[in-house]
Student: 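Pasting a structure here, questions to come.
We're numbering straight along the sequence, starting at 1.
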Amino acid sequence: MKAIAPRCAAGNSRGEDASKAASGTLQAVTTVLVGSQISGQIKDLLVDFNSPVKAGQLLARIDPETYELKVRQAQADLEAARTSKLQRDSDIAAQKSQLLRARITHEDAKRDLERKESLLQKAFISPAERDKAQFTERGAEEAVRTAEAQVRSAEAQAANAAAIVKQREAALASARNDLAKTAITAPVDGVVISRQVDAGQTVAASLNTPTLFTIAQDLAKMQVAVSIDETDIGKIRGDQRVTFTVDAFPGRTFEGRVDQIRKAAQTVQNVVTYTVIVATPNPDLRLVPGMTANVRVVADSRDNVLKVPNAALRWRPAGTAARA
């Protein structure tokens, strides 16, 4: 659609604009949906519609009793796991002590066997005594291997106990994380433009994260999402001047600039449109999200154009007959 709008009377030299008319919706530049990752009943509701908030400010609190119990249970499980780990460490020390005694016994048996071998060679003892010493040394050697196996088993059990301790620590951290999530806080500075919950309402976050609040980050800067037909989108460029009106202020014209031309097409009933984002200042905060804006994008302009009224082109001197 192309519109040429006369701006002055005859004889003046002013600009001439070609503009594209469309409609759009006012919205905040950044809108944040605040939800809950856990389920529970809203215990405290600390903000309402239009409440200004700061990043980190508490907005609402979910009843923390269930999650506090889970934290205490996780703490008890961790203490039990740590106690078991200490017991396994003690078992390792005991098994190593037994291994040391078995090695001492084996060393003594080896030396006794060596003495018996020497005495047998000198015929001071009978072969039976040497054989007995040999059997004793073999038994002591086997006792050492058994003690070593018991030490390895105790170390494996201690490693398993250490892994259980880490599992219990992770479970406690998870329980504490869930408890911390009962406090719903603002992620950004802004204004609460929507509240979807009331105190006492139950929030279910099993499949989808429920939205509790909608926060507009900065209402002093707004944007208009304008749908432009595919036949006109080629004439739209970044930083073009835009004027628009809203029904709430019928006598006032607002201005903005084309900030973004989104390439994602939208097709509705075989009509293809593209979304153009128009940035506009809102220092007095009169514009609010959701307003419908009647937008005119200035596609072309000419300066120093002489305009005359159409009546001047139809002037004829007095007494002259009109042509047939």
Student: Checking K166 against E169 for the salt bridge (charged side-chain N to carboxylate O under 4.0 Å, His left out) test, could you report, in this order, the C-alpha distance in whole Å, the side-chain angles of both residues, the deciding distance, and whether it holds?
Tutor: CA-CA 5 Å; K166 291 182 179 180; E169 288 175 346; over 6 Å; no
Student: Is the closest side-chain heavy-atom distance between E141 and V144 below 4.5 Å?
Tutor: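 Counting from C-beta outward, E141 and V144 never come under 4.5 Å.
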Student: What I'd like to find out is whether the side chain of I193 reaches to under 4.5 Å of the side chain of N50, using heavy atoms alone.
Tutor: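 Not in contact.
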Student: Any side-chain heavy atom of Y274 sitting closer than 4.5 Å to one from R262?
Tutor: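 Result no, sub-4.5 Å side-chain heavy-atom pair not found.
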Student: Should the pair K70-D178 be classified as a salt bridge under the 4.0 Å nitrogen-to-oxygen rule?
Tutor: no
Student: Can V53 be reached from V197 by stepping across I, L, V, M, F, W or Y side chains whose heavy atoms are under 4.5 Å apart?
Tutor: yes
Student: Over all heavy atoms of both residues, which pair between L287 and T280 is shortest? Give the atoms and the distance, please.
Tutor: CD1-CG2, 4.5 Å
Student: The test is side-chain hydrogen bond (donor to acceptor under 3.5 Å, both in side chains); show your working for T105 and R101 and say whether it passes.
Tutor: CA-CA 6 Å; T105 302; R101 288 196 297 269; over 6 Å; no
Student: Is the backbone of L179 close enough, under 3.5 Å, to the side chain of T182 for a donor and an acceptor to pair up by distance?
Tutor: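 At least one qualifying donor-acceptor pair exists.
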Student: Transitively linked via ILVMFWY side-chain contacts under 4.5 Å: L46 with V203?
Tutor: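 L46 and V203: separate clusters.
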Student: Please check if the number of heavy atoms outside Q37 that lie under 6.0 Å from its CD is greater than 12.
Tutor: no
Student: So among E137, E114, E117, which one has a salt bridge (charged side-chain N to carboxylate O under 4.0 Å, His left out) with R130?
Tutor: E117
Student: Could you tell me if the side chain of I215 sits less than 4.5 Å from the side chain of V188, heavy atoms only?
Tutor: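 Yes - at least one pair of side-chain heavy atoms lies under 4.5 Å apart.
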Student: Measuring from atom CD1 of I104 to atom CG of L99, what distance do you get when rounded to the nearest 0.5 angstrom?
Tutor: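 Nearest 0.5 Å value for the CD1-CG distance: 10.0 Å.
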Student: Looking at Q201, is its backbone amide N or carbonyl O close enough to the side chain of Q41 to form a donor-acceptor pair, meaning the two atoms are under 3.5 Å apart?
Tutor: no
Student: Grouping I, L, V, M, F, W and Y whenever their side-chain heavy atoms are under 4.5 Å apart, do L59 and V32 come out in a common cluster?
Tutor: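 Yes: a chain of side-chain contacts under 4.5 Å links L59 to V32.
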Student: Is the shortest side-chain N to carboxylate O distance from E107 to R111 below 4.0 Å?
Tutor: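 R111 and E107: salt-bridged.
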Student: Taking N282 for its side chain and M222 for its backbone only, find out whether a donor-acceptor pair lies under 3.5 Å.
Tutor: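 Looks like no, no N/O pair under 3.5 Å.
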Student: Do Q134 and T136 pass the side-chain hydrogen bond (donor to acceptor under 3.5 Å, both in side chains) test, and can you show the C-alpha distance, the side-chain angles, and the key distance before you say yes or no?
Tutor: CA-CA 5 Å; Q134 192 175 36; T136 301; over 6 Å; no
Student: Cluster question for you: counting only ILVMFWY and a side-chain heavy-atom cut-off of under 4.5 Å, with indirect links fine, are V192 and L26 together?
Tutor: no
Student: Before accepting this row, confirm whether a basic side-chain N of the pair R115/E129 lies closer than 4.0 Å to the acidic partner's carboxylate O.
Tutor: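 Here R115 does not pair with E129 in a salt bridge, since their nearest N and O are not under 4.0 Å apart.
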Student: Using 30° and 60° as the class limits, which term best fits the ring planes of F254 and F244: parallel, tilted or perpendicular?
Tutor: parallel
Student: Quick one, I38 and Y67 - any side-chain contact, counting heavy atoms below 4.5 Å?
Tutor: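 Contact flag for I38/Y67 side chains = yes.
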Student: Same cluster for L285 and M291 if Ile/Leu/Val/Met/Phe/Trp/Tyr side chains link at under 4.5 Å?
Tutor: yes
Student: Between R168 and L78 (side chain of the first, backbone of the second, donor and acceptor by atom type, cut-off under 3.5 Å), is there such a pair?
Tutor: no
Student: For D284, does the CG atom sit with more than 12 other heavy atoms under 6.0 Å from it, leaving out its own atoms?
Tutor: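 Buried by this count: over 12 neighbours within 6.0 Å.
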Student: Can you tell me if K132 has over 12 outside heavy atoms packed within less than 6.0 Å of its NZ?
Tutor: no
Student: Assess whether a salt bridge exists between E142 and R145, defined as any Lys/Arg side-chain N lying under 4.0 Å from an Asp/Glu carboxylate O.
Tutor: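 Looking at R145 together with E142, the answer is yes, because their closest N to O distance falls below 4.0 Å.
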Student: Is it the case that the side chains of Q95 and D91 hold a donor-acceptor pair, with the cut-off being a distance below 3.5 Å and no angle test?
Tutor: no
Student: Can you check whether V295 reaches S23 side chain to side chain, under 4.5 Å on heavy atoms?
Tutor: no
Student: Does any non-hydrogen side-chain atom of Q266 lie less than 4.5 Å from one of T275?
Tutor: yes
